[in-house]
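Reminder, nothing fancy here: chain letters follow the sequence lines and each chain counts from 1.
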Amino acid sequence: MEETTSNKSKKQSTNPGNSINTWSVQCGECFKWRVIPTQEQYEEIRSKFIEDPFVCCKLPTVSCDEPSDIEYDNTRTWVIDKPNLPKTPPGFKKRLVLRKDYFKFDCYYDAPNGKKLRSSAEASRFLDKHPECKKDISPSDFSFFSPKIMEDTIPAKVVKKI
DNA sequence: GCCACCGGTGGC
DNA sequence: GCCACCGGTGGC
């Protein structure tokens with residue numbers, strides 16, 4: 001279960017390259033990496049990864065015989081995710097912003113009204129203020145987990161923090 | 001004045 | 001010692 005970033009990215013924020021632009025999962029049988037086209041599809045797979053592990057043949061046009069989509073190497077920075085994180089609630093947008101020093105991510109949810117949520121505490125408070133959301137969404141539907149950045153794939157020019 | 005970004009720290 | 005959380009602020 002992985003996500004990757006690289007220095008090439010779609011413009012999702014003011015600072016290109018600081019967000020995740022490729023989502024991929026590893027097949028539990030052949031161990032090849034498969035790129036998942038959208039964050040939403042990726043989150044769907046991730047949300048039940050333990051009880052329903054990913055295998056290549058779940059993708060419509062792929063099997064374990066096909067070469068892998070991408071390789072784990074330092075042509076891009078890799079970060080390791082956790083299985084079974086909650087899917088982003090409908091109407092919300094989840095963003096992971098990588099700090100310039102590659103030390104960690106900041107995780108945000110953009111609420112339907114544009115409000116930016118920065119922590120579980122803020123998410124809970126938001127739901128309390130918006131009972132209409134609370135019907136379908138609970139605080140446990142938010143995860144501010146920051147994926148682990150793989151040090152051996154951090155660009156050499158980045159100055160490491162001591 | 002706002003907000004993206006970063007730094008500091010309290011609580012575990 | 002770590003990291004979730006949030007206050008502060010520089011740059012716009």
Ignoring hydrogens and angles, write down the donor-acceptor pairs under 3.5 Å from the side chains of residues 61-68 of chain A, residues two or more places apart or on other chains.
{"from": "Ser63(A)", "atom 1": "OG", "to": "Asp65(A)", "atom 2": "N", "distance (Å)": "3.2"}
{"from": "Ser68(A)", "atom 1": "OG", "to": "Glu71(A)", "atom 2": "OE2", "distance (Å)": "2.7"}

Rounded to whole Å, how long is the line connecting atom [atom1] of [X] with atom [atom2] of [N]?
X         : N      : atom1 : atom2 : value
Leu98(A)  : dA4(B) : CG    : P     : 17 Å
Asp101(A) : dG8(B) : CG    : P     : 13 Å
Asn18(A)  : dC5(B) : CG    : C1'   : 10 Å
Phe142(A) : dA4(C) : CZ    : P     : 17 Å
Leu96(A)  : dC5(B) : CG    : C1'   : 15 Å
Ile149(A) : dC2(C) : CD1   : C1'   : 15 Å
Lys104(A) : dT9(B) : NZ    : C1'   : 11 Å
Lys100(A) : dA4(B) : NZ    : C1'   : 9 Å

Numerically ordered, the residues 106-120 of chain A set in heavy-atom contact under 4.0 Å with DNA chain C is Arg118(A), Ser119(A), Ser120(A)

Apart from Phe92(A) itself, members of its ILVMFWY cluster (side-chain separation under 4.5 Å) are Tyr109(A), Leu117(A), Phe126(A), Leu127(A), Ile137(A), Phe142(A), Phe144(A)

Listed nucleotide nearest any side-chain atom of Glu122(A), set dC5(B), dG8(B), dC6(C) |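 Of dC5(B), dG8(B), dC6(C), dC6(C) is nearest to the side chain of Glu122(A).
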
Name the atoms and distances for all side-chain donor-acceptor pairs under 3.5 Å in residues 50-57 of chain A, with sequence neighbours left out.
{"from": "Glu51(A)", "atom 1": "OE1", "to": "Asn84(A)", "atom 2": "ND2", "distance (Å)": "2.9"}
{"from": "Asp52(A)", "atom 1": "OD1", "to": "Lys58(A)", "atom 2": "NZ", "distance (Å)": "2.7"}
{"from": "Asp52(A)", "atom 1": "OD2", "to": "Lys58(A)", "atom 2": "NZ", "distance (Å)": "3.3"}

Among residues at least two apart in sequence or on other chains, which ones pass salt bridge (charged side-chain N to carboxylate O under 4.0 Å, His left out) with [X]?
X         : answer
Lys134(A) : Asp128(A)
Arg125(A) : none
Lys48(A)  : Glu44(A)

query: So do the side chains of Glu43(A) and Thr88(A) get within less than 4.5 Å of each other, counting heavy atoms only?
result: yes

Distances under 3.5 Å only, N/O to N/O: pair up the protein atoms with those of nucleotides 10-12 of chain C.
none

The side-chain hydrogen bond (donor to acceptor under 3.5 Å, both in side chains) partners of Ser119(A) (sequence neighbours excluded) come to none

Review point. Where the side chain of Thr153(A) meets the backbone of Trp78(A), is there a donor-acceptor pair that is under 3.5 Å apart?
Key: yes

